[in-house]
Amino acid sequence: MPETIIIPDFSLSPRIDQVGIEERADRITKRSIKKESKVSLLKLGLSMIDLTTLEGKDSEGKVKQLCYKAKHLLDSYPSLPTVAAVCVYPSMVKTAKQSLGSSGVKVASVATAFPSGQTSLDIKLEDVRFAVEQGADEVDMVLSRGKFLAGDYNYVFDEIAAVKEVCGEARLKVILETGELVTFDKVRRASDIAMYAGADFIKTSTGKVSPAANLPVTLVMLLAIRDFYYKTGRMVGMKPAGGISKAKLALHYLMMLNEILGGDWMNNHWFRFGASSLANDLLMQLMKEKTGIYQGKDYFPID
Amino acid sequence: MATKRDNTLKLKFDSARKLSPAPESRSSATIRPRYDLFINGKFEPSSGKKYFDTINPATGEKLSEAAEANAADVDKAVKAARNAYEKCWKKMPAKERGKYVFRIARMVQERAREFAIVETMDGGKPIRESRDFDIPTAANHFFYYAGWADKLEYAFPNRTAKSLGVAGQIIPWNFPLLMASWKIAPALATGNTVVLKPAETTPLTAMLLAEVIQEADLPPGVVNIITGGGSTGAALVNHPDINKIAFTGSTEVGKIIQRAIAGTSKKITLELGGKAPNIIFDDAPIDQAVEGVVNGIFFNQGHVCCAGSRLYVQESVMNDVVRKLRDRIETLIVGDPMDKNTDIGAINSKQQLDKINKYIKIGLGEGYDMYQSSCVLPDRGFFLRPTIFTNVAQSSRIAQEEIFGPVLTIQSFRTDEEAIEKANNNPYGLSAGVWTDKGSKIFNMTAKLRAGVVWANTFNKFDPASPFGGYKESGYGREGGLHGLQPYVTF
């Protein structure tokens with residue numbers, strides 16, 4: 001029997017204390033990750049990457065190269081995982097899908113008039129439909145920040161629910177664009193709306209707005225996921241995106257995930273990094289752990 | 001139906017606790033096999049030639065031994081302090097005095113890593129805390145009071161502040177170096193000389209500080225540090241040539257000291273025990289409140305006189321708070337204090353561990369629900385799992401008496417008045433915490449809570465510029481800030 005989930009009044013979403021969040025996030029950065037823990041988390045981090053290219057100047061050639069990199073992170077290092085997905089615009093989904101073939105690497109497509117979302121619902125749904133038809137396994141939609149900030153929570157909720165329906169089998173990531181929401185109270189409220197409306201993932205940022213992802217805002221969203229899980233029994237994934245380019249920072253994110261949501265979330269079905277240059281820093285650190293020396297960046301192909 | 005599932009869901013945190021060891025290197029600090037008394041600028045053995053062991057509570061192994069000062073040694077130290085006071089320190093221009101205190105501050109900062117390692121090995125607290133809290137805050141106290149030395153006329157406008165003479169200072173084992181700095185810094189800044197006795201179980205950082213003071217070229221006798229147990233402390237308190245006693249420690253000993261000096265002209269400040277209420281309202285940011293509760297009671301294994309050991313939760317959010325608290329406790333890493341990832345280190349001594357266990361037994365005997373983290377404890381040393389008791393009665397001993405360990409009691413309340421009444425209904429009054437999103441409620445609560453420090457939406461925050469001290473059986477007099485100068489001067 002499908003269970004009923006009661007939709008709460010989103011204007012009553014829990015309040016967030018900014019100072020407390022920042023202190024907690026800071027404390028997680030004090031964790032010292034060494035030896036075996038470090039190696040296994042670096043590898044886990046690699047497997048969680050959504051290798052991303054979202055430029056007006058993207059070409060088929062670039063996307064093909066990116067897909068090859070997704071499957072072959074560093075052939076000289078045996079038994080590395082592949083990344084989780086390649087994230088592209090809808091027009092590149094077909095190319096990516098063909099290049100990745102049966103590798104298991106997913107294709108994620110941004111949609112709904114990414115990155116601003118400033119268009120009508122019909123056009124957004126058409127955008128999503130096109131991406132799914134082209135073969136996207138995952139859809140990264142943007143939250144209508146204008147409507148949200150104006151307090152029109154029902155509109156935002158219905159829009160996400162409509163997109164979710166069009167997604168069908170594809171998993172839906174909802175980008176909150178936290179840099180435009182500004183306060184943690186709003187980030188929490190937007191997280192709640194997205195999850196109750198059917199998001200499979202909540203994601204911090206498009207990467208086009210500064211600030212993008214950071215540890216405190218990710219903490220607010222992870223806590224929202226935990227509360228949602230306890231209320232409904234449904235797991236929701238988390239994707240911080242933008243500005244995560246260093247392995248050390250990625251390890252902080254993983255420690256945060258581990259301490260807030262625990263072992264069930266420690267895999268690429270429930271956590272992703274939206275990043276393009278993070279992979280090479282993770283690889284560089286892995287090689288350092290293996291050989292004891294740092295190698296120059298030219299020893300790691302860029303894409 | 002959703003509610004039923006709500007209660008059976010569980011998150012798994014084993015992996016969060018299993019990290020590869022990340023130990024701080026022991027070799028960055030030197031611990032000598034034996035420490036003598038620091039009297040008149042020199043290290044010398046006690047006249048009784050007796051030494052006592054100081055152990056590492058994380059292993060139970062002997063770290064070093066310290067001289068046990070007897071009455072004759074105390075007398076010698078007080079004489080040295082008196083001599084330095086009359087011949088030098090009293091007459092020195094305030095600006096010059098300040099320079100010495102600044103020098104000590106800088107040297108503590110320079111040797112911070114060494115201090116942190118020794119503090120952790122001798123006391124059992126996690127290196128993360130000694131590195132990020134104890135030592136930097138101790139240095140800050142010296143800096144802060146160094147600045148006051150030549151500005152006393154601004155601290156006390158239209159009055160002339162004069163120093164008292166010789167201060168006898170006795171400090172506890174929970175924050176050894178930090179408490180030494182709380183005591184020594186204001187005394188020196190105001191022109192007094194000092195005889196300080198560190199706690200019996202944690203003498204090492206005080207002796208390291210003695211080395212710093214010697215290197216700083218402080219005139220001999222201005223600071224004397226003598227180690228020993230209760231009898232040493234008693235000799236210091238009873239010495240007739242002491243002008244001022246500053247004591248931080250248990251209420252029991254505080255009362256003995258107060259009795260001992262009755263009828264003398266000695267000035268006194270006492271900073272004693274506590275059983276702080278931490279109050280969570282239903283409109284509070286719950287996750288941050290839970291984090292504050294964890295910092296309030298598990299900081300330094302709960303060996304904190306202002307620890308938030310009595311939690312009051314508004315009944316409508318009780319289940320939420322308890323579940324989140326349990327989740328958070330599961331992620332706390334308990335173990336080797338020298339590991340940089342350790343959240344909860346070793347209980348300071350066997351004696352203290354026994355005392356805490358006695359209270360846990362009382363709580364269980366009274367039939368309260370106990371929850372402990374599922375973490376595995378090291379097989380040697382003195383360790384305890386973080387512990388919470390729920391549905392505790394106000395009249396229970398575990399909710400009334402100071403446990404001084406990682407043990408939290410939780411009670412529910414319905415109205416603001418009830419929270420205030422229960423929070424104030426305790427012999428202690430050192431600190432309190434209030435968690436709510438509503439500013440007006442904060443002001444209403446803080447005005448009515450009878451505690452020296454009330455934190456709102458945070459807990460265990462310390463700053464040299466902020467006064468600290470208690471109501472009722474938590475003692476009297478203030479340390480820190482402008483108020484902290486007053487006990488060391490007369491007009």
Side-chain angles (χ1 to χ4, degrees), chain A residues 1-6 12-28 30-41 44 184-185 188 219-220 222-235 251 254-267, chain B residues 1-24 126-129 131-132 282-295 317 319-320 323-324 327-328 330-333 339-343 435-438 456-461:
Chain A
M1 189 184 91
E3 292 181 46
T4 316
I5 291 176
I6 298 159
L12 299 177
S13 274
R15 299 301 192 265
I16 306 296
D17 184 75
Q18 186 186 339
V19 175
I21 284 289
E22 285 167 354
E23 280 181 358
R24 176 78 180 101
D26 186 56
R27 177 151 173 190
I28 283 169
K30 299 283 165 66
R31 289 280 188 235
S32 180
I33 313 298
K34 306 276 184 208
K35 308 259 160 57
E36 296 82 14
S37 294
K38 187 168 181 180
V39 171
S40 71
L41 287 177
L44 181 64
F184 290 148
D185 284 337
R188 170 65 196 232
L219 175 57
V220 173
L222 290 172
L223 290 168
I225 291 171
R226 181 162 79 174
D227 285 347
F228 182 75
Y229 174 68
Y230 275 144
K231 284 256 158 56
T232 67
R234 269 186 49 204
M235 290 171 76
L251 295 183
L254 292 176
M255 285 318 297
M256 181 179 277
L257 178 68
N258 214 353
E259 292 194 17
I260 305 299
L261 292 171
D264 288 341
W265 266 262
M266 293 290 280
N267 53 64
Chain B
M1 189 132 189
T3 329
K4 187 173 155 208
R5 187 173 51 192
D6 191 45
N7 291 333
T8 52
L9 293 172
K10 237 187 148 93
L11 297 171
K12 303 187 187 94
F13 292 114
D14 316 5
S15 58
R17 283 199 310 263
K18 279 184 202 126
L19 299 176
S20 301
E24 171 61 290
I127 187 77
R128 182 181 63 80
E129 288 178 10
R131 178 195 67 197
D132 297 346
D282 61 2
D283 63 349
I286 300 294
D287 287 298
Q288 288 80 65
V290 164
E291 190 61 21
V293 170
V294 167
N295 287 335
V317 290
N319 288 343
D320 231 18
R323 166 138 81 182
K324 286 175 180 207
D327 277 348
R328 181 68 179 102
E330 277 298 306
T331 64
L332 292 173
I333 299 175
D339 193 300
K340 292 171 193 162
N341 288 321
T342 293
D343 296 304
W435 298 84
T436 169
D437 204 39
K438 210 172 219 173
N457 292 331
T458 188
F459 209 92
N460 275 347
K461 282 277 176 304

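Each chain gets a letter, A, B and so on, in the order its sequence line appears, and its residues count up from 1.
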Checklist entry - Tell me, side chain or backbone of A:I260 under 4.5 Å from chain B's heavy atoms, or both, or neither? => result backbone
Checklist entry - Taking all non-hydrogen atoms of both residues, which atom of B:A22 and which atom of A:K34 are closest, and how far apart? => result CB-CG, 3.7 Å
How many angstroms lie between [atom1] in [X] and [atom2] in [Y], if you round to the nearest 0.5 Å?
X      : Y      : atom1 : atom2 : value
A:S32  : B:L19  : OG    : CG    : 9.0 Å
B:S15  : A:E259 : OG    : CD    : 9.5 Å
B:D327 : A:L261 : CG    : CG    : 9.5 Å
A:N258 : B:R17  : CG    : CZ    : 10.5 Å
B:E291 : A:R24  : CD    : CZ    : 4.5 Å

Next on the checklist: Other residues, nucleotides and ligands only: do more than 12 of their heavy atoms fall within 6.0 Å of NZ on B:K12?
Outcome noted: no
If you measure from the Lys or Arg side-chain nitrogens to the Asp or Glu carboxylate oxygens, is any gap between [X] and [Y] under 4.0 Å?
X      : Y      : answer
A:R226 : B:D287 : yes
A:D227 : B:R323 : no
A:R31  : B:D343 : yes
A:R27  : B:D132 : no

If we only count heavy atoms from C-beta on, is the [X] to [Y] side-chain gap below 4.5 Å?
X      : Y      : value
A:I16  : B:P285 : no
B:L11  : A:D264 : no
B:Q288 : A:L223 : yes

Item to check | chain A contact via B:N295 - side chain, backbone, both or neither, heavy atoms under 4.5 Å | outcome: side chain
